[in-house]
Protein chains: 2
Amino acid sequence: MLVVDTSATVQALAALAHETRLALYRMLVERGPDGLPAGVIAERLNVPPSSLTFHVQHLHRAGLITQRRVGRQLIYAADYAAMNGLIATLTENCCGRGSVPLRRARGGPTAAVRRSA
Amino acid sequence: MLVVDTSATVQALAALAHETRLALYRMLVERGPDGLPAGVIAERLNVPPSSLTFHVQHLHRAGLITQRRVGRQLIYAADYAAMNGLIATLTENCCGRGSVPLRRARGGPTAAVRRSA
DNA sequence: CTTATCATTCGATGATACTCGAATTATCGG
DNA sequence: CCGATAATTCGAGTATCATCGAATGATAAG
């Protein structure tokens, strides 16, 4: 059984629990492994540079995005493994053991989660 | 295609992004459909009544738990469909567009999930 | 009606989170 | 070195969240 570091989970959830950061994270997921420089993200989200830094750091500290420098820009990219880890944690701990078959899906990739309340 | 209400997603994430509330939610998931009265939850979490109310309402407003009255006690229970909806939303929007296997639940450690036997 | 129990609401306090302009660090191209 | 660009850190102000005792509402039993 998977044991979870609760505070890491809370940190990841808190990082995503903000309009701006959720939009930012989604933008990076869409963009893929290449990522985007901070400046571009700030412009697209219409957020001043210092505010943008505040939010990307929040996501970075939570381990949800990666950071790398290219020349004088800092590139941020989504860390897919981290999100999958978070989803796995939620699935393992919070999904009503058996009443809802979400963990044993063997068919299509997301077949079991297509239905939403 | 799954329709996503961003602010509802943020609200659900924020509701879970707190040590006490995550513990509370997990307790209700373990307990199952019968749920638990507020008093019992408060005692088990070692939280004063008024603080407990604050947290259960947070989860209830986010739609993650249900509330019903039995006699003079209020019973709270996990709403599994809501959590599955949240997970579906995260999977649809934030997981690298099908390129990433959702199937890893006990692979390598990630930033959000750690072993702590 | 009165008392006891369960839980919530109220209100005051302290703690974090968020925003963003100004100053600072890092890098690049002459 | 110098000027320009990318991004961060700093600091101050505002807002929202969290905690919890005391007061209030809701239900039950005698």
Side-chain angles (χ1 to χ4, degrees), chain A residues 6-28 31 34-79, chain B residues 6-28 31 34-79:
Chain A
T6 302
S7 90
T9 301
V10 168
Q11 196 177 16
L13 290 168
L16 294 170
H18 187 278
E19 294 281 354
T20 300
R21 289 193 296 268
L22 188 57
L24 161 34
Y25 184 77
R26 281 213 253 247
M27 181 187 300
L28 291 182
R31 173 64 175 185
D34 286 355
L36 288 170
V40 173
I41 300 171
E43 190 183 12
R44 290 197 192 170
L45 291 179
N46 208 34
V47 162
S50 58
S51 298
L52 191 276
T53 295
F54 173 82
H55 290 301
V56 287
Q57 285 183 344
H58 208 312
L59 286 163
H60 188 234
R61 256 181 282 122
L64 290 166
I65 65 178
T66 62
Q67 180 194 62
R68 69 181 193 276
R69 179 175 283 280
V70 172
R72 62 191 115 174
Q73 39 195 3
L74 284 174
I75 312 285
Y76 291 94
D79 183 333
Chain B
T6 302
S7 90
T9 301
V10 167
Q11 197 177 16
L13 290 168
L16 295 170
H18 188 277
E19 294 281 353
T20 300
R21 288 192 297 267
L22 188 56
L24 160 36
Y25 184 77
R26 281 212 254 248
M27 182 188 297
L28 291 182
R31 173 64 175 183
D34 285 354
L36 288 170
V40 173
I41 300 171
E43 189 184 12
R44 289 197 192 172
L45 292 178
N46 208 35
V47 162
S50 58
S51 298
L52 191 276
T53 295
F54 173 82
H55 290 301
V56 288
Q57 284 183 344
H58 207 312
L59 287 164
H60 188 235
R61 256 182 283 123
L64 289 166
I65 65 178
T66 62
Q67 180 195 60
R68 70 179 194 277
R69 179 176 283 279
V70 173
R72 62 193 117 175
Q73 39 195 4
L74 284 174
I75 313 283
Y76 291 95
D79 183 333

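So you know, we letter chains A, B, ... as the sequences are listed, proteins then strands, and number each from 1. We use all heavy atoms of the structure for the numbers below, so side chains are in, but hydrogens, waters and symmetry mates are not.
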Chemist: Applying side chain to side chain contact (heavy atoms under 4.5 Å, CB included) to B/Leu74 and B/His60, what does each step give before you reach the verdict?
Modeler: CA-CA 12 Å; B/Leu74 284 174; B/His60 188 235; over 6 Å; no
Chemist: At a heavy-atom distance below 4.0 Å, what parts of residues 39-58 of chain B sit against DNA chain C?
Modeler: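 Close to the strand are B/Gly39, B/Pro49, B/Ser50, B/Thr53, B/Gln57.
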Chemist: To the nearest 0.5 angstrom, please state how far the CG atom of B/Asp79 sits from the CD atom of B/Gln67.
Modeler: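 Here the interatomic distance stands at 13.0 Å.
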Chemist: What verdict does the side chain to side chain contact (heavy atoms under 4.5 Å, CB included) test give for A/Ile41 and A/Leu28, after you've listed the backbone C-alpha separation in whole Å, the side-chain angles of each residue and the deciding distance to 0.1 Å?
Modeler: CA-CA 9 Å; A/Ile41 300 171; A/Leu28 291 182; 4.0 Å; yes
Chemist: Quick one: which of A/Arg72, A/Glu43, A/Gln73 gives a side chain to side chain contact (heavy atoms under 4.5 Å, CB included) with A/Pro37?
Modeler: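 Running side chain to side chain contact (heavy atoms under 4.5 Å, CB included) over A/Arg72, A/Glu43, A/Gln73 with A/Pro37 returns exactly one hit, A/Gln73.
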Chemist: For DNA chain C, note the earliest and the latest nucleotide, 5' to 3', having some atom under 4.0 Å of a heavy atom belonging to chain B.
Modeler: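 Here the contact window of chain B covers C/dA4 to C/dT9.
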Chemist: Students should find this one: the first and last nucleotides of DNA chain D, 5' to 3', lying under 4.0 Å from a heavy atom of chain A. What are they?
Modeler: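 Contact span on the strand: D/dA4 to D/dT9.
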Chemist: Please walk me through it: do B/Leu24 and B/Leu52 pass side chain to side chain contact (heavy atoms under 4.5 Å, CB included)?
Modeler: CA-CA 9 Å; B/Leu24 160 36; B/Leu52 191 276; 4.0 Å; yes
Chemist: Look up atom CG in B/Leu59 and atom OH in B/Tyr25, then write down how far apart they are to the nearest 0.5 Å.
Modeler: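 Between atom CG of B/Leu59 and atom OH of B/Tyr25 there are 8.5 Å.
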Chemist: Main chain of A/His55, side chain of A/Arg21: is a donor-acceptor contact present, judged purely on distance under 3.5 Å?
Modeler: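 Not a single qualifying donor-acceptor pair exists.
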Chemist: Drop me the distance from A/Leu64's CG to A/Gln11's CD, to the nearest 0.5 angstrom.
Modeler: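 Nearest 0.5 Å value for the CG-CD distance: 9.0 Å.
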Chemist: What distance separates B/Ile65 CD1 from B/His58 NE2, expressed to the nearest 0.5 Å?
Modeler: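 Here the interatomic distance stands at 11.5 Å.
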Chemist: Just by modelled atom types, is the A/Ala78 backbone N or O under 3.5 Å from a matching donor or acceptor in the A/Arg31 side chain?
Modeler: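 No.
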